[in-house]
Structure formats: C-alpha cells, structure tokens
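Throughout, residue positions are numbered sequentially from 1 according to the sequence presented.
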Amino acid sequence: MQHYKIEELDFLFIYEHKVRELENLCLLKYELDRRGYKVKIMHIEDEEALKAMRPIYHAKVVVTMACYQNSSIEWHTKNFVKFDKIIDMQWENIVFPMDEKDTKAFKNYSGVAKEVVRVSWGEMNRKRMLEAAKMDPKKVKLIGHVGMDFLRDSLKGYYLSKEEVLRDYGIPANKKIFLFVSPYFSDFHTEEYLVEMCRRFGEGWRYYYQDCMLPSKQIILEWMSRICEKREDVVFIYRPHPGEESRKADEMTKKYPNFKVIGEKSVKQWILISDKVYTGNSSTFVEAFFGKKMCYLLFPIPVPSDYELAFLKDADKISVFDDFEKTTHEDDRPFPVSEKLIDEVYTIDWDKPSYIKFADMAEEVIRDPYYNLTKEQLKAYYHEMGTAEKITKALTKITPLYDVYLTMLEKDTPKWKWLETKREARRKLEQIAHEFEKTSDEEIDKIIAKIAKELEK
C-alpha cells in the first residue's frame, strides 16, 4: 500500500519554459541553498504534481513564473502544494503599450493575483505595477533580471566555448555565426487560440499576428536565404520563440546547410558565441547589451503602435534587405537602444548581482508575516467544484482512505466505473507532462555545480 506523506520546503520554484527559466532558478537555488534554506524546482506540469489530490509539499513560499489572475495560481499550485505566500518572477515584465495604462489589461492582474509579491526588473515596470495594476508598493520589488547575471564576468565561464557549441551541432569552427532570435508565434494557430489571445490582448492582436507577425517572418527568412546562397562563410542560427513552429524555417534547413533551426540551449549561450545578433519586436537586444554583443532590430513591416514594445519606439531599425545585408559585412551602426532606456527597463547595476538582491528579498518575504496570504485569499482562487469533485476531495482528506485510494488507482482492479474514470484521467495527465520541459534533481544539481564552480573560484 502507498502511504501519503508531505515534504516541508522553504521555497518551491515552479517554471514553465526550461530554456527561459531553469538556469536562472538554479542560480537562485544556489544562493538560497547557501543561506541554509530548503528549495525545490519543478515543472508546472510535473507528473506527480498533476496526479496529486492532496498536498505533497508544504512550501512557505511558492515562486511562480507568472501570476495574472486566480486561474494562474490554481494552474501553478493545483492540489499538490500547500503554501503561505507567493512571489511572482513575472518573466514577462515587458508588456504591449496598450496595457501600460489599461487597468483591466490581462497583464495588469486581478483577483488574489494582485496580492502576491512581484519581481520588477526595472523602474518602468515598477511604475506600471503601481499606477495601472494598483499594487501595494511594498509588494513590488525592484530586483533586475536574474538572467543577466549569467552575462557578468564572474559567470561567463559557466557557458560552453564557441568551439564546443559548434562541435555539438556539426558546424565548422571557422564559420561566422549570425543568431536570429525569433519574436514570432507559430505559422498556424486555431481559431480558438486566436480568440483567446484577442481576449487577453485586444482584437488588434489578430491583425498583429496575421498581417504583421507572419509576413514579417516570411520576409526575414527570405532575407536570410539570400545571404545563405551568397556566403558560405556564414551560418544563420534561427532561434524559435518558445513553442514556435515555422514550416518555412524548417524547409530552409533542408535547402541550406548554413541555416539551422535550434531551440536548445539558452539564448544567452547562443548570444555569447555569436558574431552578430538579430531580433525584431523583442527584448533580446538587452541580453546582447549585457553580453557586450551588437544586436540589430529587423522590422520589415511596421508594428502597430499598440503592440510595439514601448522602448523600441525610437530604436534604430532595419526595414529593407540592402541595409540588412550591409550589417552582415559591416559594424558601423549604433546600438539600437540607448543605455539610459535599458536601465529604466532592466536596471543596470554592475556592482550587485540580481540573484543576490532576489535572495535578500526572499529572506524578507519568508520572515515577515506582512506577505502572508489570508485564509480567505487562499480559498478564493479555486474554481467552482461540482458535487462529485467535492465528495472525492473531502474523502481524500482522510489519510487512511487516501492511502487506499492511491493503491487502488495504481492497480487494475477493482474495475469499478468511477475508479476506471479516475485511472483514465490520470493516463491523460501523464500524456501532457511534457518530456522536453521536464527536469530532474540530477540535472538541477549539475547546473548548480557549474554555477558554484564559477562563483567560488
């Protein structure tokens, strides 16, 4: 018989996209471990967590990747964790201009999500949190972007060398590497998906996607194909946006040996080994700035003002092929965005790393009852349950019954109809636990060991 148990944690970090978040969270775990806290990192669709009907963890603080509304909290925590406080890493600090002052915008928060502690990279987002989202000033923490710490001299040795990366992908070491970090979505989306995105970001999003994003992507891929045909000394690395699929990009990999679509390894790893960096309506240029690399902004089609990132309004942009081609030969264009503006959005602090600021803040949050969510708030974010769900949930609160229930679920007998329904539901949950995004304690330990090796030299 299985026996129910609960594990005590100080901090539980929950991530969505591995390449965007995992290394950053490992750096935070390294520092919090060093200070004596018990910390765990897990994927938002971890199989064990998806199946749990009672908490398997008690975390004093849950650290989420985003916390927009009540459903965001339930999506992160489900039934598997009991907690007292939430810190939102807010990996999407940058919002569309239309959201800057709209108090009802999806990314300006609602419900219990307004009451959590929120990380702000820079003063621009902190101001939005206070003015548009009407958040408690004490709960908006100006930290900077933890990911930028990996581009400091103290951690640059964490990454593989250019030779090592190119060898991993069978690319000759004498090639010039031009990185394009895609800001685009997949070539195809269902009507249901488009309706949901319009609900979040306004009806103009459909136009932005169909009449700006998709044709811009096609034009830029065509520009790259022309360079690939002309120059054998160059290799383009097309870095897809998380979850992006591009049929034309995939076709180009078959046609041009010097064009690769690679979603593996972090963006920072690729920036550091690249000779030039390109992107579009994206904040990638900031990572290039901190990594001391030149970045060019490609805008073959003007972006609607509601959807162009505010700090790119007056940036130096490339809109025609001839100017794009010149950048592949020359380096005489200025960096596209001013250092002053980058500081407003990301906080340039060469003295104190963001991971130290975060750990200092996390200690304050875990110690101070001011940041506790109330009992009412901890109940308020759950969806409305039906009668059967309420009865099942009530019965599983009795530990001996829960132990029996877990054991019966794992076996093929008895063949009771309601048990078969639950077994089928669990099988479906196993299918959505994405292998690509999963991590393990061994992988996390390996990343932290690399971090420690650099920081403790």
**Report entry** Tyr346-Glu287 side chain donor-acceptor pair, cut-off 3.5 Å
**Finding:** no

Query raised in the report: Is there a side-chain contact between Met65 and His76, using heavy atoms and a 4.5 Å cut-off?
Result: yes

Report task. Identify whether the distance between the nearest side-chain nitrogen and carboxylate oxygen of Arg199 and Glu196 falls below 4.0 Å. Result -> yes

Query raised in the report: Take atom CD in Glu339; do more than 12 heavy atoms of anything else shown fall under 6.0 Å from it?
Result: no

Query raised in the report: Between Lys162 and Asp275, is there a salt bridge with N-O shorter than 4.0 Å?
Result: yes

Query raised in the report: Are Tyr68 and Trp75 close enough that their ring centers fall under 6.0 Å?
Result: no

**Report entry** Heavy-atom side-chain proximity of Glu454 to Ser154 below 4.5 angstrom
**Finding:** no

Query raised in the report: Passes side chain to side chain contact (heavy atoms under 4.5 Å, CB included), Ile14 versus Leu12? Steps please.
Result: CA-CA 6 Å; Ile14 303 173; Leu12 174 64; 4.1 Å; yes

Query raised in the report: What residue among Phe289, Tyr278, Phe335 forms side chain to side chain contact (heavy atoms under 4.5 Å, CB included) with Met294?
Result: Phe335

Query raised in the report: Counting only heavy atoms not in Lys175, do more than 12 sit closer than 6.0 Å to its NZ atom?
Result: yes

**Report entry** Proximity of Trp223 and Phe180 rings by center, below 6.0 Å
**Finding:** no

Query raised in the report: Under 3.5 Å, is there a donor-acceptor pair between the Arg231 and Thr328 side chains?
Result: yes

Query - NZ (Lys292) with more than 12 external heavy atoms under 6.0 Å - result: yes

Query raised in the report: Are the charged groups of Lys18 and Glu23 less than 4.0 angstrom apart, N to O?
Result: no

Requested in this report: For the residue pair Glu437 and Tyr15, confirm or rule out a side-chain donor-acceptor distance under 3.5 Å.
Outcome: no

**Report entry** side chain to side chain contact (heavy atoms under 4.5 Å, CB included) evaluation trace for Ile444 with Leu25
**Finding:** CA-CA 9 Å; Ile444 289 168; Leu25 298 186; over 6 Å; no

Report task. Identify whether NZ of Lys or CZ of Arg in Lys114 sits under 6.0 Å from the centre of the six-membered ring of Tyr109 and within 45° of that ring's axis. Result -> no

Query - Polar side-chain atom of Tyr207 near backbone of Pro304 as donor-acceptor pair, under 3.5 Å - result: no

Query raised in the report: Is there a donor-acceptor contact under 3.5 Å from the side chain of Asn258 to the main chain of Val234?
Result: yes

**Report entry** Donor-acceptor contact below 3.5 Å, side chain Asp88 vs main chain Val116
**Finding:** no

Query raised in the report: Does a sphere of radius 6.0 Å around NZ in Lys248 hold more than 12 heavy atoms from other residues, nucleotides or ligands, not counting ones at 6.0 Å or beyond?
Result: yes

Query raised in the report: Looking just at side-chain N and O atoms, do Tyr238 and Ser246 make a donor-acceptor pair shorter than 3.5 Å?
Result: no

Query - Glu229 with Arg226: basic N within carboxylate O range, under 4.0 Å - result: no

Query raised in the report: Quick one: does Phe178's side chain get under 4.5 Å of Val235's, heavy atoms only?
Result: no

Query raised in the report: Under 4.0 Å between a Lys/Arg side-chain N and an Asp/Glu carboxylate O for Asp316 and Arg333?
Result: yes

Requested in this report: Evaluate the ring planes of Tyr193 and His189, with Trp represented by its six-membered ring, and classify them as parallel (under 30°), tilted (30 to 60°) or perpendicular (over 60°).
Outcome: parallel

Query raised in the report: Just wondering, more than 12 heavy atoms not from Glu232 lying within 6.0 Å of its CD?
Result: no

Query - Donor-acceptor pair, side chain of Lys29 and main chain of Val39, under 3.5 angstrom - result: yes

Query raised in the report: If we ignore angles and hydrogens, is there a donor and acceptor under 3.5 Å between the side chains of Thr190 and Glu192?
Result: no

Query raised in the report: Taking atom types as modelled and ignoring hydrogens, do the side chains of Gln269 and Ser266 form a donor-acceptor contact shorter than 3.5 angstrom?
Result: no

Query raised in the report: Considering only heavy atoms from C-beta outward, does the side chain of Arg126 approach that of Trp121 to under 4.5 Å?
Result: no

Query raised in the report: For Lys38, does the NZ atom sit with more than 12 other heavy atoms under 6.0 Å from it, leaving out its own atoms?
Result: yes

Report task. For residues Ile273 and Glu163, determine if any side-chain heavy atom of one lies less than 4.5 Å from a side-chain heavy atom of the other. Result -> no

Query raised in the report: Can you find a side-chain donor-acceptor pair between Asn281 and Tyr208 that sits under 3.5 Å?
Result: yes

Report task. Please say which of Val117, Ile73, Val61 ends up in a side chain to side chain contact (heavy atoms under 4.5 Å, CB included) with Ile86. Result -> Ile73

Requested in this report: In sequence, state the C-alpha distance, the side-chain angles, and the governing distance for Ser305 and Glu308, and then conclude on side-chain hydrogen bond (donor to acceptor under 3.5 Å, both in side chains).
Outcome: CA-CA 5 Å; Ser305 59; Glu308 182 178 76; over 6 Å; no

**Report entry** Side chain proximity check, Met124 to Glu344, heavy atoms < 4.5 angstrom
**Finding:** yes

Report task. Verify the ring-centre separation between Phe285 and Tyr296: is it less than 6.0 angstrom? Result -> no

Query raised in the report: Mind checking whether Val286 and His145 have side chains closer than 4.5 Å, heavy atoms only?
Result: no

Query raised in the report: Looking at Trp270, does the NZ or CZ of Lys276 lie under 6.0 angstrom from its six-membered ring centre and within 45 degrees of the ring axis?
Result: no

Query raised in the report: How many angstroms lie between SG in Cys67 and CD1 in Ile87, if you round to the nearest 0.5 Å?
Result: 11.5 Å

Requested in this report: Please determine if Arg34 and Glu456 form a salt bridge, counting it only when a charged side-chain N lies under 4.0 Å from a carboxylate O.
Outcome: no

Query raised in the report: Any Lys/Arg nitrogen of Lys357 or Asp349 sitting under 4.0 Å from an Asp/Glu carboxylate oxygen of the other?
Result: yes

Query raised in the report: With distance as the sole criterion, is a donor-acceptor pair present between the side chains of Glu244 and Ser186 under 3.5 Å?
Result: no

Report task. Go through the steps to decide whether Glu325 and Lys230 satisfy the test salt bridge (Lys or Arg N to Asp or Glu O under 4.0 Å), and finish with yes or no. Result -> CA-CA 11 Å; Glu325 186 174 28; Lys230 289 182 180 181; 2.8 Å; yes

Query raised in the report: Is a salt bridge present between Glu115 and Lys85, judged by a nitrogen-to-oxygen distance below 4.0 Å?
Result: no

Query raised in the report: Does a sphere of radius 6.0 Å around NZ in Lys156 hold more than 12 heavy atoms from other residues, nucleotides or ligands, not counting ones at 6.0 Å or beyond?
Result: yes

Query raised in the report: With a distance cut-off below 6.0 Å to the six-membered ring centre and an angular limit of 45° from the axis, does Lys217 pair with Tyr184 as a cation-pi contact?
Result: no

Requested in this report: Using the salt bridge (Lys or Arg N to Asp or Glu O under 4.0 Å) rule, take Lys352 and Asp360 through it: C-alpha gap first, then chi angles, then the decisive distance, then the call.
Outcome: CA-CA 11 Å; Lys352 189 172 184 178; Asp360 291 344; 3.1 Å; yes

Report summary line: Value for CD (Glu222) from CD1 (Ile227), rounded to nearest 0.5 Å, stands at 10.5 Å

Requested in this report: List the steps and the verdict of side chain to side chain contact (heavy atoms under 4.5 Å, CB included) for Ile237 and Ser274.
Outcome: CA-CA 9 Å; Ile237 305 296; Ser274 295; 5.8 Å; no

Report task. Kindly indicate, with the supporting measurements, whether the criterion salt bridge (Lys or Arg N to Asp or Glu O under 4.0 Å) is fulfilled by Arg152 and Asp149. Result -> CA-CA 5 Å; Arg152 291 172 175 266; Asp149 291 341; 3.3 Å; yes

Requested in this report: Please test Glu45 against Lys438 for salt bridge (Lys or Arg N to Asp or Glu O under 4.0 Å), starting from the C-alpha separation and ending with a verdict.
Outcome: CA-CA 8 Å; Glu45 290 176 348; Lys438 282 183 183 178; over 6 Å; no

Query - Thr279 side chain to Val181 backbone, donor-acceptor under 3.5 Å - result: yes

Report task. Count the heavy atoms belonging to other residues, nucleotides or ligands that lie under 6.0 Å from NZ of Lys176, then report whether that count exceeds 12. Result -> no

Requested in this report: For residues Val267 and Val19, determine if any side-chain heavy atom of one lies less than 4.5 Å from a side-chain heavy atom of the other.
Outcome: no

